[in-house]
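Following: one structure in structure tokens, then a few remarks.
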Amino acid sequence: LIRVREFTMAEIEHFCDPNLKDHPKFVDVEDYEMILYSACNQMDGKSAERITIGEAVKTGLVANQTLGYFMARIQKFLIKVGILPERLRFRQHMNNEMAHYACDCWDAECLTSYGWIECVGCADRSAYDLTQHSNATGVRLAAEKKLPEPKTIEVTEAVPNKQVLGKAFKKDAKSITDLLTKLSINDIETMDQELTANDSYKLHLNSDVTVTLNREMVAVKKTLKTVHVEEIIPSVIEPSFGIGRIMYSLLEHRFQMREGDEQRCFFSLPSVVAPLKCSVLPLSNNQEFAPYIKQICELNFFKT
């Protein structure tokens with residue numbers, strides 16, 4: 001149950017402004033205490049520490065409010081369904097296990113007979129996901145954020161001469177044009193410098209094909225533009241729940257034996273996860289009881 005080939009996941013993809021990762025509901029959880037096992041404490045051989053999530057964000061231990069908000073909500077959820085608070089902690093990923101695109105990542109771990117096992121991961125994945133989708137599909141996945149006041153910006157762009165490119169490169173002309181529109185500002189400025197110095201710029205279409213462009217084929221233009229919105233590629237905060245592991249931890253945490261009689265075992269589950277809130281279980285098959293059983297089952301108390 002802990003390590004299986006197929007497993008059920010439940011994930012949240014929460015997109016936010018990459019430059020402002022505050023959360024409007026963080027104030028509701030900032031005083032919530034959690035047991036955090038930081039990467040530094042792991043390296044130094046120290047134990048986990050109890051700290052409020054507000055203090056953790058304030059000191060930079062947790063990267064931002066949105067990540068901290070979801071960490072607190074994850075803990076609240078796990079405790080509500082029955083995970084024991086004293087057997088729950090959040091462990092921060094160390095540098096050698098942190099995904100290359102992540103700003104910060106914490107795992108909700110439950111203590112079981114297998115030791116501490118990861119049940120929920122909560123990562124700030126930066127803008128990696130949307131950037132990779134954009135690169136693969138050619139569709140720019142960006143959001144527009146309204147500015148408090150309009151501002152004037154300088155726009156640098158590579159403007160292809162499609163007619164000249166078509167004559168020179170024929171079937172490759174469209175690929176060249178598409179690639180020029182995707183160049184970063186740094187790439188465009190480098191191209192401008194090389195065209196000014198040598199009247200040539202080598203553009204790599206792919207690993208096998210490189211073309212040489214000149215000033216007649218492409219121009220670099222800089223213009224001033226007044227904008228009312230700012231285009232951003234959102235970051236994503238991703239809580240990822242391993243349902244099987246949560247269920248296993250829950251059953252182990254809530255498994256109990258009657259005092260003095262180990263054969264009488266039971267689960268002490270919170271009512272919120274109980275499949276049946278209330279049940280009528282006759283102890284006799286005597287048919288004379290059937291009308292009374294039916295009458296009890298039809299009471300409003302049992303229907304709700």
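What's counted below: heavy atoms across the whole structure, side chains too, no hydrogens, waters or symmetry copies.
Other residues, nucleotides and ligands place more than 12 heavy atoms under 6.0 Å from the CE atom of Met9. Around the CE atom of Met247, the shell of radius 6.0 Å holds no more than 12 heavy atoms that belong to other residues, nucleotides or ligands. No more than 12 heavy atoms of other residues, nucleotides or ligands shown are found within 6.0 angstrom of CD on Glu144. Within 6.0 Å of CD on Glu259 lie no more than 12 heavy atoms contributed by other residues, nucleotides or ligands.
Between Tyr128 and His100, the ring planes lie perpendicular to each other; the angle is over 60°, past the 30° to 60° tilted range. Ring geometry for Phe255 versus Phe267: interplanar angle over 60°, hence perpendicular rather than tilted (30 to 60°).
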Problem set entry | Check against side chain to side chain contact (heavy atoms under 4.5 Å, CB included), Leu165 and Leu213 | CA-CA 9 Å; Leu165 286 173; Leu213 306 179; 4.0 Å; yes
Exercise. Could you go step by step and tell me if Asn214 and Ser200 meet the side chain to side chain contact (heavy atoms under 4.5 Å, CB included) rule?
Worked result: CA-CA 5 Å; Asn214 56 41; Ser200 68; 5.7 Å; no
Exercise. Side chain to side chain contact (heavy atoms under 4.5 Å, CB included) between Arg264 and Phe266: does it pass, once the steps are laid out?
Worked result: CA-CA 7 Å; Arg264 300 184 68 188; Phe266 64 98; over 6 Å; no
For this session: Check the pair Val218, Leu203 against side chain to side chain contact (heavy atoms under 4.5 Å, CB included), reporting the backbone distance first and the verdict last.
Result: CA-CA 11 Å; Val218 60; Leu203 182 68; over 6 Å; no
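Under the 3.5 Å distance criterion, the side-chain polar atoms of Thr226 are left unmatched by any main-chain donor or acceptor of Lys151. Judged by distance alone, the side chain of His253 and the main-chain N or O of Leu111 form a donor-acceptor pair under 3.5 Å. No donor-acceptor pair under 3.5 Å is formed between the side chain of Arg125 and the backbone N or O of Glu238.
Heavy-atom minimum distance, Glu30 versus Thr52: O-CB, 3.5 Å. Taking both residues in full, the closest heavy atoms of Trp106 and Leu61 are given as CZ2-O, 3.5 Å, listed atom of the first, atom of the second, then distance. A pairwise comparison of heavy atoms in Ile53 and Phe26 identifies O-CZ, 3.9 Å as the closest pair.
A salt bridge between Glu216 and Lys167 is absent, with no side-chain N of the basic residue lying under 4.0 Å from a carboxylate O of the acidic one.
Contacts of Arg89 classified as salt bridge (Lys or Arg N to Asp or Glu O under 4.0 Å), with partners at least two apart in sequence or in another chain: Glu109.
Using modelled atom types, one finds no donor on one side chain facing an acceptor on the other under 3.5 Å when comparing Glu49 with Ser38. Asp187 and Ser184 form a side-chain donor-acceptor contact under 3.5 Å, judged by distance and modelled atom types alone.
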